[in-house]
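One-based numbering, in listed order, for ligands and for the atoms of each. Numbers here simply count residues along the sequence, with the first being 1.
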Amino acid sequence: MQQRKMACGAIHDLSGFGKCSLTVALPVLSACGIEVSALPTAVLSTHTGGFTGFIYKDLTAELLPMARHWKSVGARFGALYSGFLGSEEQIGMVEEIFSMFREEDTLVLVDPVMGDGGKLYQTYTKAMADGMGRLCRQADVVAPNVTEACHILGMAYDPGPYTQGFIREVLEGLCALGPEMAVLTGVWTQEGELGAACYDRESREVRTSLLPRIEGYYHGTGDLFSSALLGGLLNGMGLGEACATAVEFTHRAIVTTHASGEDTRFGPKFEGHLNWLGQRVRG
Ligand code: PXL
């Protein structure tokens with residue numbers, strides 16, 4: 001059933017302006033040869049990072065009916081991928097959607113999107129953030145940033161630089177919750193570098209991919225990274241290779257975004273790098 005293997009159900013918000021979540025996951029996974037179905041958790045005029053006055057339509061009441069409708073029409077997925085959620089109740093609903101569609105070889109990736117730079121995003125409550133930790137237990141792969149990982153593990157936020165000991169402690173802590181594989185983004189061990197580290201329970205190896213840091217804060221890059229990571233894994237890359245590829249793809253998009261001089265809230269300029277990613281992951 002190759003067809004189902006290369007299909008993904010993506011559960012994220014749809015932010016119309018300011019590329020992130022679904023407006024990133026759809027093109028990135030498509031470029032990797034994955035057919036993506038979108039289950040929007042909320043519809044927003046813009047994302048919430050650095051914008052005020054955004055229109056926010058929560059889709060909690062529609063989430064399970066939409067998933068049940070998918071089931072009734074025969075939708076099946078090789079991957080389920082969740083990100084930004086619209087309300088606390090959605091956490092239990094996403095767990096239910098995972099059980100509705102999970103088959104023996106389905107890969108479940110949870111990106112516990114809830115904050116950055118030591119702070120939760122505007123629409124996230126502490127209860128929602130705690131629920132995200134619960135959702136991570138259902139995943140095969142989790143890909144938090146340091147803020148999210150520290151919250152999930154009940155550790156104090158550390159702004160970095162990070163020691164190998166800290167990176168291993170966080171990754172092992174995440175895998176101890178249940179996932180086979182964990183990836184930590186926003187990792188740096190010395191000034192001037194940035195990337196991600198990954199760990200899997202089988203090899204117990206920590207692999208770190210770092211590239212030169214481009215100054216500035218780039219919204220939507222966590223979603224860009226996780227989508228590329230999933231694209232690599234679904235095309236048969238090992239975790240270390242998928243993580244290194246996602247770091248390089250994200251870095252390329254950041255270089256282009258920085259060079260454009262555009263407001264970084266408008267999202268990463270990744271479109272010109274999709275062919276590179278597609279060729280890299282599809283071999
Ligand atoms: O990129 C993470 C993200 C996703 N969705 C929404 C957001 C953010 C980060 O701010 O606001 C709506």
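- Residue Asp116 does not touch ligand 1, judged by heavy-atom distances below 4.0 Å.
- Within the structure, the closest approach of Ser15 to ligand 1 falls below 4.0 Å when heavy atoms are considered.
- Within ligand 1, counting atoms from 1 as listed, the ones closer than 4.0 Å to a heavy atom of Cys20 are 1 (O), 4 (C), 5 (N).
- Every N/O-N/O distance between Tyr121 and ligand 1 stays at or above 3.5 Å.
- Rounding to the nearest 0.5 Å gives a distance of 11.0 Å between CE of Met128 and CG of Leu135.
- Taking each heavy atom of Asp58 and Ala42 in turn, the nearest pair found is CA-CB, 4.2 Å.
- With 3.5 Å as the limit, one finds a donor-acceptor pair spanning the side chains of Ser203 and Asp200.
- Checked for salt-bridge contact, Arg4 and Asp105 meet the test: a charged N lies under 4.0 Å from a carboxylate O.
- Here the CD atom belonging to Glu215 is positioned 13.0 Å from the CG atom belonging to Leu194, to the nearest 0.5 angstrom.
- Scanning all protein heavy atoms for the shortest distance to atom 4 (C) of ligand 1 gives Asp13 OD1, 3.5 Å.
- Between the side chains of Asn145 and Thr185, no donor-acceptor pair is found at a separation under 3.5 Å.
- Those atoms of ligand 1 that come under 4.0 Å of a heavy atom in Gly49, given as number and element, are 10 (O), 11 (O).
- The nearest heavy-atom contact from the protein to atom 1 (O) of ligand 1 is Asp223 OD2, 2.7 Å.
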